[in-house]
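Let me begin by presenting the structure, written as structure tokens, before commenting on it.
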Number of protein chains: 2
Amino acid sequence: MGAPEYIKIVQHIKDRIIKQDLNPGDIIPSENLLCEQFNVSRMTVRKSLAVLVNDGYIYSVPGKGNYVNEPNVNEYILYYDEMIPDPDDAGCKVHLLEVDVELPSYEVGYNLHIPKTKHVVVIKRVFLKESFPIAYDIKYMPYYRGIPIVEKEISYSTFPEMVAQRKSPFAMIKKLKIRSTLADGEISTHLEVPIGSPLLVIEELLLDTQELPIGWGVIYLPGESAALDAMASFE
Amino acid sequence: MGAPEYIKIVQHIKDRIIKQDLNPGDIIPSENLLCEQFNVSRMTVRKSLAVLVNDGYIYSVPGKGNYVNEPNVNEYILYYDEMIPDPDDAGCKVHLLEVDVELPSYEVGYNLHIPKTKHVVVIKRVFLKESFPIAYDIKYMPYYRGIPIVEKEISYSTFPEMVAQRKSPFAMIKKLKIRSTLADGEISTHLEVPIGSPLLVIEELLLDTQELPIGWGVIYLPGESAALDAMASFE
DNA sequence: GAGTGGTCTAGACCACGAA
DNA sequence: TCGTGGTCTAGACCACTCT
């Protein structure tokens with residue numbers, strides 16, 4: 001009883017969809033019909049439908065009606081926190097291996113869309129937990145004169161934070177590519193695992209709103225214990 | 001000019017946030033102020049704010065005001081399509097290795113939350129593209145008498161489709177765990193890769209609305225070429 | 001032309017927070 | 001008490017689709 005009217009309407013329609021009384025592709029009752037059925041104004045019904053559209057249950061076709069969606073089976077929410085430890089957490093540390101300005105490799109130049117003659121900032125870090133390496137992290141950013149490079153800041157910054165000094169995080173597109181590979185010599189040294197160990201690889205590409213690259217990086221997570229979690233559900 | 005009023009208001013506020021004129025934690029002008037500023041009714045302003053809330057730019061605190069959000073830096077949209085080939089696509093095939101009813105291993109029983117004495121349905125498949133194996137797939141579901149096991153259907157069904165005969169896909173929670181491992185004997189045979197090759201592992205757990213497991217599966221993707229993509233951005 | 005969804009108004013009452 | 005956001009109404013006009 002306490003719930004607002006529009007929530008009751010939302011629940012009613014969700015229930016019909018979950019009970020498979022309404023199925024994907026079916027049209028649902030028109031807004032005016034729902035007004036009569038629930039004795040509410042049209043704006044209230046529209047608020048309900050907006051919620052259902054938002055949650056992915058239905059979609060609207062102007063001039064025709066509202067239809068039940070095909071459930072999206074291939075979009076998940078991935079939680080990825082870049083494993084930046086809290087600077088105050090004694091168990092977690094960051095080992096800053098290298099901060100440099102150099103010319104890009106082919107791979108770096110390709111991903112940052114810059115010519116071979118343009119310098120890039122390189123940052124290599126190892127994240128430690130209870131003195132054990134848990135991630136090896138390499139990041140590249142186009143070099144501009146005047147970038148402040150402060151060791152303390154670099155150690156405890158996420159990638160978006162590093163570039164956010166010039167770009168708003170709201171105006172940033174982040175793309176991840178998740179792969180698997182084997183540890184080579186360099187990585188096995190830093191992560192203290194045998195050569196040939198399995199690694200989870202996360203490539204991170206930062207783009208501005210014009211889809212121009214502003215940063216590219218790779219994180220290596222050792223062993224079978226490291227895992228990413230993702231989830232999909234309808235509320 | 002053509003755009004609706006509420007979209008103009010949305011754009012105006014988004015611009016202020018992106019220009020860092022409004023920053024995370026800042027309060028934005030009250031609804032009544034925005035009404036005066038844009039000469040629109042309060043419902044129109046509220047529609048704009050609903051859009052901004054929805055896109056993650058702001059949040060509301062009843063009795064106080066609307067505030068600029070901290071941008072979410074660790075939630076991404078992961079695209080994962082289970083690699084089920086189109087049955088009509090000649091280049092893509094499914095090799096059904098095994099369909100069986102058996103007692104669960106410890107791992108399977110643990111993930112499905114069932115006792116060791118309760119049978120499970122096991123389905124093992126290899127997905128082929130241009131005759132090359134691209135995925136090795138194992139799925140487990142609690143066994144109920146009366147489950148129709150039709151080979152054709154199993155070959156070309158996603159996991160949610162298999163269990164959807166009893167559960168609506170709208171009433172399903174899907175959880176993924178993404179790991180890395182090395183190919184063992186069984187997997188190397190099916191995927192035609194050397195033992196010790198890197199593999200991307202995707203564990204998929206299906207739960208009903210009471211969070212009870214209704215299916216658990218593992219997919220192995222061979223080599224460094226296989227990758228998952230994820231993205232995060234503000235519109 | 002009748003029905004649909006999309007936008008918008010000018011009011012109203014409520015619960016809540018701050019002073 | 002006053003300002004805030006949350007809910008809701010009873011209208012209105014528009015563009016669109018279908019017949």
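Bear in mind the structure is a predicted one, so any value in this text is a computation, not a measurement. Residue numbers start from 1 in every chain, and the chains themselves are labelled A, B, ... in the order their sequence lines are given, proteins ahead of strands.
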Rounded off to whole Å, could you give me the [atom1]-to-[atom2] distance for the [X] and [N] pair?
X	N	atom1	atom2	result
B:E31	C:dA10	CD	P	17 Å
B:R42	C:dG11	CZ	C1'	11 Å
A:K47	C:dC8	NZ	P	16 Å
A:K8	D:dT7	NZ	P	13 Å
A:L34	D:dT9	CG	P	13 Å
B:M43	D:dG11	CE	P	16 Å
B:F38	C:dC8	CZ	C1'	16 Å
B:I28	D:dT4	CD1	P	12 Å

Hey, does the side chain of [X] reach the backbone of [Y] with a donor-acceptor pair shorter than 3.5 angstrom?
X	Y	answer
A:N23	A:Q20	yes
B:K118	B:Y143	yes
A:N69	A:G56	yes

- Between B:H95 and B:F127, does the ring centroid distance fall short of 6.0 Å? no
- Where the side chain of A:N32 is defined as all heavy atoms beyond and including C-beta, which of C:dG17, C:dT4, D:dC8 is the nearest nucleotide? C:dT4
Any side-chain N or O of [X] less than 4.0 Å from the OP1 or OP2 oxygen of [N]?
X	N	value
B:T44	C:dT9	yes
A:K64	D:dC18	yes
A:Y6	D:dT7	yes
A:R46	C:dG6	yes
A:N66	C:dG5	yes
A:S30	C:dT4	yes

- Quick one: sort the B:Y76 and A:Y80 rings into parallel, tilted or perpendicular, breaks at 30° and 60°. tilted
- Note on the structure: The residue, B:G63 or A:S60, whose nearest nucleotide of DNA chain C is more 5′ is A:S60
